[in-house]
Amino acid sequence: MSTPHKSPQATHASVTLKLSIALAALLVLLIAYVAAGPWIAMRGIQHAVETRDLSAMPKYINFEKLRPNIQAQMETIIAAQIANRGGMFGSAAAGAANVVAASAAEGMVSPAGIAVLLEGDALIKRAKGDMKPGSGIASGGPKSLNAFKNAQTHYLSASTFQATVEVSDAAIVDFIFEREGFRWKLANIKLPHKKAG
């Protein structure tokens with residue numbers, strides 16, 4: 001008994017259906033990967049800090065976007081503090097704020113600076129004098145807290161994602177991630193500010 005042969009049209013339809021299913025599955029996987037991207041980036045940053053692999057941070061952080069964003073915030077903070085103290089040297093003070101903010105942003109927006117920012121209780125201990133200088137995670141000291149563990153997260157748009165971390169009863173820090181192609185990278189950190197409401 002011979003097996004029936006499929007017509008060329010039936011074979012073509014079968015191949016087209018299989019190809020369509022494979023492409024649809026690939027598209028679903030790609031969308032899922034892109035949607036999970038911010039969490040992958042947060043985990044990548046935390047893992048780089050925990051393992052002291054600071055060279056991995058540029059995979060998850062866009063330092064070229066982050067640096068001017070931090071510098072602008074620091075200029076605003078410094079200028080406001082100078083203005084609150086009064087004085088007749090307003091324009092000179094604004095220029096000084098720019099220089100100080102640029103220098104501070106340069107140090108803070110680096111792999112080691114981000115590691116220090118995410119040190120958690122190690123950073124608090126150092127501020128209180130309970131740790132020797134140079135004993136933080138960036139130099140092989142105590143392990144950091146998972147800065148993103150209790151973050152409140154949401155998409156601001158299809159290409160912008162925000163993770164909000166509570167740093168005190170009254171203050172929060174917002175980490176802003178932006179999509180670059182299929183990957184997500186940290187592009188801004190809104191320095192500690194008061195909670196809304």
Side-chain angles (χ1 to χ4, degrees), residues 1-73 105 108-120 122 137-138 140 143-167 172-193 195-196:
M1 194 167 162
S2 64
T3 57
H5 291 283
K6 291 184 179 178
S7 71
Q9 292 85 6
T11 304
H12 179 70
S14 175
V15 169
T16 303
L17 178 63
K18 288 177 183 176
L19 185 58
S20 296
I21 291 171
L23 287 174
L26 184 62
L27 184 61
V28 167
L29 288 174
L30 183 61
I31 291 170
Y33 174 76
V34 171
W39 288 276
I40 293 169
M42 286 187 285
R43 181 64 195 126
I45 292 168
Q46 189 64 37
H47 185 262
V49 170
E50 289 172 356
T51 61
R52 298 166 182 84
D53 182 9
L54 303 184
S55 65
M57 284 200 183
K59 293 178 192 172
Y60 309 106
I61 301 172
N62 185 332
F63 288 103
E64 298 308 311
K65 279 189 175 180
L66 184 57
R67 192 169 288 110
N69 289 335
I70 295 292
Q71 181 176 340
Q73 292 177 72
M108 183 179 168
V109 183
S110 67
I114 297 296
V116 169
L117 179 69
L118 298 176
E119 280 188 304
I137 194 160
K143 222 177 170 188
S144 70
L145 297 173
N146 184 343
F148 301 115
K149 183 178 181 180
N150 295 317
Q152 293 190 1
T153 59
H154 64 280
Y155 286 92
L156 300 174
S157 71
S159 60
T160 309
F161 179 87
Q162 178 174 305
T164 301
V165 177
E166 190 173 296
V167 292
I172 56 174
V173 174
D174 295 321
F175 294 86
I176 309 297
F177 293 82
E178 292 180 355
R179 187 171 49 80
E180 297 178 3
F182 296 124
R183 298 186 70 126
W184 290 80
K185 288 189 175 187
L186 180 64
N188 196 2
I189 300 173
K190 293 183 182 174
L191 298 175
H193 55 280
K195 293 179 186 177

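Computed from heavy atoms alone, side chains included, the values below leave out hydrogens, waters and symmetry copies.
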- Note, Tyr155 side chain near Thr160 side chain (heavy atom, < 4.5 Å):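 No. Closest side-chain heavy atoms not under 4.5 Å.
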- Sidechain-backbone polar pair: Arg179 side chain, Trp184 backbone, donor-acceptor under 3.5 Å: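 Not at all, since once roles are kept as given, no pair shorter than 3.5 Å links the two residues.
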- Message: Could you check whether any side-chain N or O of Thr51 sits under 3.5 Å from a backbone N or O of His47, counting only pairs where one atom can act as donor and the other as acceptor?
- Response: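 It does hold such a pair.
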If every non-hydrogen atom of [X] is compared with every non-hydrogen atom of [Y], which pair is closest and at what distance?
| X | Y | value |
| --- | --- | --- |
| Ile70 | Leu191 | CD1-CD2, 4.0 Å |
| Pro58 | Lys185 | O-NZ, 3.1 Å |
| Val49 | Ala115 | CG2-CA, 4.0 Å |
| Glu178 | Lys65 | OE1-NZ, 2.6 Å |
| Ala151 | Val165 | CB-CG2, 3.9 Å |
| Met42 | Ala163 | SD-CB, 3.7 Å |

- Task: Decide yes or no on side chain to side chain contact (heavy atoms under 4.5 Å, CB included) for Tyr60 and Leu186, but give the supporting numbers first.
- Result: CA-CA 6 Å; Tyr60 309 106; Leu186 180 64; over 6 Å; no
Just how far is it from atom [atom1] of [X] to atom [atom2] of [Y], taken to the nearest 0.5 Å?
| X | Y | atom1 | atom2 | value |
| --- | --- | --- | --- | --- |
| Ser110 | Met57 | OG | CE | 8.5 Å |
| Glu50 | Ile45 | CD | CD1 | 12.0 Å |
| Ile189 | Leu66 | CD1 | CG | 5.0 Å |
| Asn69 | Asn188 | CG | CG | 4.0 Å |

- Check the side chains of Glu180 and Asn62 for a donor-acceptor pair under 3.5 angstrom, ignoring hydrogens and angles.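 Per modelled atom types, Asn62 and Glu180 side chains form a pair under 3.5 Å.
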- Message: If you count every heavy atom of other residues, nucleotides or ligands that lies below 6.0 Å from Gln152 atom CD, does the total exceed 12?
- Response: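 Check fails, neighbour count at 12 or below.
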- Task: Using the side-chain contact (heavy atoms from CB on, under 4.5 Å) rule, pick out the option among Phe177, Phe148, Phe161 that qualifies with Thr153.
- Result: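 Among Phe177, Phe148, Phe161, the one that satisfies the side-chain contact (heavy atoms from CB on, under 4.5 Å) with Thr153 is Phe161.
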- Message: Asp174: which residues meet the side chain to side chain contact (heavy atoms under 4.5 Å, CB included) condition with it, sequence neighbours left out?
- Response: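 If we apply the side chain to side chain contact (heavy atoms under 4.5 Å, CB included) test to Asp174, skipping adjacent residues, the hits are Gln162, Thr164, Ile172, Ile176, Lys190, His193.
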Would you tabulate the side-chain donor-acceptor contacts of residues 18-41 under 3.5 Å, counting partners in other chains and residues two or more places apart, or write 'none'?
{"unit_1": "Ser20", "atom_1": "OG", "unit_2": "Thr16", "atom_2": "O", "d": "2.9"}

- Item | Residue pair Lys149, Gln46: steps toward the side chain to side chain contact (heavy atoms under 4.5 Å, CB included) verdict | CA-CA 10 Å; Lys149 183 178 181 180; Gln46 189 64 37; over 6 Å; no
